[in-house]
A.B. asks: 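Structure provided below as structure tokens; questions to follow.
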Number of protein chains: 2
Amino acid sequence: MSLEPLKQLALAGDIGSSVAISSAKFAQRLKTSPQTASRKLQALEEENLITRKVLSNGQEVTITEEGMLALWKEYREYQQIFGEIEDLRLTGLVCTGLGEGRYYVMLEGYLRQFEQKLGFTPYPGTLNIELSPHSITTRKKLQITDNIPLIGFEDGERTFGSVKCFRARINDLHGAIIIPNRKNYPDNVVEIVAPVNLREHLSVSDGSEVEVVLCRA
Amino acid sequence: MSLEPLKQLALAGDIGSSVAISSAKFAQRLKTSPQTASRKLQALEEENLITRKVLSNGQEVTITEEGMLALWKEYREYQQIFGEIEDLRLTGLVCTGLGEGRYYVMLEGYLRQFEQKLGFTPYPGTLNIELSPHSITTRKKLQITDNIPLIGFEDGERTFGSVKCFRARINDLHGAIIIPNRKNYPDNVVEIVAPVNLREHLSVSDGSEVEVVLCRA
DNA sequence: ATTACTAGTTTCCGAGTAA
DNA sequence: TTTACTCGGAAACTAGTAA
């Protein structure tokens with residue numbers, strides 16, 4: 001049986017304590033009919049995942065230890081999937097981009113958002129990094145973590161798309177990974193912005209190996 | 001549609017990269033028939049949660065960004081449920097137990113396990129704490145976190161049940177919460193074991209308020 | 001307003017078949 | 001071996017009714 005109903009009960013109240021809920025309200029959470037919701041509650045009780053007191057104006061549900069364990073087990077599986085994501089680091093080689101980075105970064109529409117959301121004025125230009133094969137899959141994981149979104153804009157002539165930003169450190173220098181939300185944007189490169197000229201401060205040039213560590217929390 | 005099939009795919013391979021899997025193997029994971037497994041894969045593709053290349057000897061499946069986001073969203077819900085569990089602390093008043101604690105702790109069958117699994121020889125006796133109302137629900141959460149299990153045993157005359165242990169600090173003194181896996185064990189008290197006499201070292205007596213902080217990791 | 005049961009419909013599953 | 005189809009039976013859902 002699916003854990004979805006049990007999970008919704010856990011979300012409805014503080015796990016460990018009881019929740020007062022009616023079949024109708026529970027149905028809304030499950031996006032189903034009150035009849036089905038009622039049956040789900042009966043089934044959960046049958047499986048000893050919850051205990052409940054049926055009252056005239058609803059019911060009072062408590063998740064049992066067995067039920068909590070079932071949810072916990074599920075949680076652990078998701079931790080397995082995403083756990084490694086907590087410590088994300090990308091490695092690759094410095095390369096020369098198309099020179100567009102400088103142009104985009106300097107645009108008013110992006111510049112202000114950088115200052116507001118990242119807290120620094122970016123050096124006009126981006127450091128392009130060609131990712132190692134392993135880092136390419138890591139980059140994919142990156143895309144689903146919480147990011148700082150820069151919203152797109154128009155300037156009359158053309159439109160500029162939204163961008164995902166991720167705070168990161170590159171050799172202890174604070175900066176950010178930027179990934180444009182553009183279809184066909186290559187998945188084997190990332191661009192870094194920072195308040196300083198990274199090529200100078202890091203003493204790197206094309207072909208230098210660098211490591212970018214994501215800042216969490 | 002349930003996320004279970006997608007979750008299983010994520011568990012089968014490293015998220016972000018592709019997985020080679022046949023319907024038959026996938027069916028084993030889902031505990032269903034190959035036919036159903038095959039249909040599930042078709043459905044996931046239909047919903048743009050995966051892309052796949054069907055080969056003569058199986059298929060190669062990649063979870064899309066949309067699919068990863070769906071899993072991530074689910075993960076976050078479980079984090080909501082269990083997140084607070086990371087920092088567990090119980091408060092309550094010191095009370096006098098039935099004097100059984102001393103007897104049980106001194107039993108060979110438990111004593112050795114304490115030494116092996118907790119790394120200290122417990123002072124012969126337990127500190128009983130009557131939990132505050134809020135801590136009672138916290139205690140319920142405690143029961144589902146990872147614990148150090150002491151296994152039950154017999155001594156010819158009677159059987160002694162298994163016990164859950166949790167490393168904890170009580171006013172910076174190292175010890176452990178112990179909860180017997182016994183039905184009808186009261187849920188409003190916990191017992192603490194420590195290498196020293198806690199009543200002395202903490203200068204507490206019946207009615208003193210104490211805080212127990214769970215040790216994590 | 002509830003919960004819970006009955007009935008009718010729909011969806012889903014799994015065996016068999018084809019490619 | 002695969003994947004993907006069809007088809008009969010089982011399970012689950014929704015609507016309606018009763019308490």
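Just so we're on the same page: letters track the sequence lines, and every chain starts at 1.
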A.B. asks: For the pair made of CZ in F26(B) and P in dA4(D), what is the distance, rounded to whole Å?
C.D. replies: 13 Å
A.B. asks: Using 4.0 Å as the upper bound for N to carboxylate O, is an ion pair formed by E4(B) and K40(B)?
C.D. replies: no
A.B. asks: Kindly write out the residues that satisfy salt bridge (charged side-chain N to carboxylate O under 4.0 Å, His left out) with E47(A), not counting sequence neighbours, or none if the list is empty.
C.D. replies: none
A.B. asks: Would you indicate, yes or no, if dA4(C) has its OP1 or OP2 atom less than 4.0 angstrom from a side-chain nitrogen or oxygen of S38(A)?
C.D. replies: yes
A.B. asks: Looking only at side-chain atoms of A24(B), point me to the closest of dC5(D), dT3(D), dT2(D).
C.D. replies: dT2(D)
A.B. asks: So, R76(B) and D146(A), do they make that salt bridge, N to O below 4.0 Å?
C.D. replies: yes
A.B. asks: For the pair made of CD in E4(A) and C1' in dA12(D), what is the distance, rounded to whole Å?
C.D. replies: 16 Å
A.B. asks: Base contacts versus sugar-phosphate-only contacts with protein, heavy atoms under 4.0 Å: please encode nucleotides 13-19 of chain D as B, S and - from 5' to 3'.
C.D. replies: BBBB---
A.B. asks: Please state how far atom NZ in K25(B) lies from atom C1' in dT3(D), giving the value in whole angstrom units.
C.D. replies: 15 Å
A.B. asks: Drop me the distance from I192(B)'s CD1 to T126(B)'s OG1, to the nearest 0.5 angstrom.
C.D. replies: 9.0 Å
A.B. asks: Strictly below 4.0 Å, heavy-atom distances to any atom of DNA chain D: list the hits from residues 48-63 of chain B, or just say none.
C.D. replies: R52(B), V54(B), S56(B), G58(B), Q59(B)
A.B. asks: Between dT1(D) atom P and I21(B) atom CD1, what is the distance in whole Å?
C.D. replies: 18 Å
A.B. asks: Ring pair (Phe, Tyr, Trp, His ring centres under 6.0 Å): which pairs involve residues 135-154 of chain A, sequence neighbours left out?
C.D. replies: Y110(A)-F153(A), F153(A)-F160(A)
A.B. asks: Considering just the side-chain nitrogens and oxygens of Q42(B), establish if one lies under 4.0 Å of OP1 or OP2 belonging to dT3(D).
C.D. replies: no
A.B. asks: Enumerate, atom names and distances included, each donor-acceptor pair closer than 3.5 Å involving a side-chain atom of residues 175-187 of chain B, sequence neighbours excluded.
C.D. replies:
unit_1	atom_1	unit_2	atom_2	d
N181(B)	OD1	K164(B)	NZ	3.2
N181(B)	ND2	S162(B)	OG	2.9
Y185(B)	OH	E191(B)	OE2	2.8

A.B. asks: Students often mix this up, so state it plainly: with edges at 30° and 60°, are the rings of Y75(A) and F82(B) parallel, tilted or perpendicular?
C.D. replies: parallel
A.B. asks: Might you work through the salt bridge (charged side-chain N to carboxylate O under 4.0 Å, His left out) test for D14(B) and K141(A), ending with a clear yes or no?
C.D. replies: CA-CA 10 Å; D14(B) 191 26; K141(A) 293 179 192 174; 3.5 Å; yes
A.B. asks: For the helix from dT2(C)-dA19(D) to dA19(C)-dT2(D), what is the angle between the axes at its two ends, each from 5 pairs, rounded to 10°?
C.D. replies: 30°
A.B. asks: Are any non-hydrogen side-chain atoms of R158(A) and D155(A) less than 4.5 angstrom apart?
C.D. replies: yes
A.B. asks: If the threshold is 4.0 Å, N to carboxylate O, is there a salt bridge linking K7(A) and E77(B)?
C.D. replies: yes
A.B. asks: Nearest 0.5 Å, please: how far is CZ in F26(A) from CD1 in I21(A)?
C.D. replies: 6.0 Å
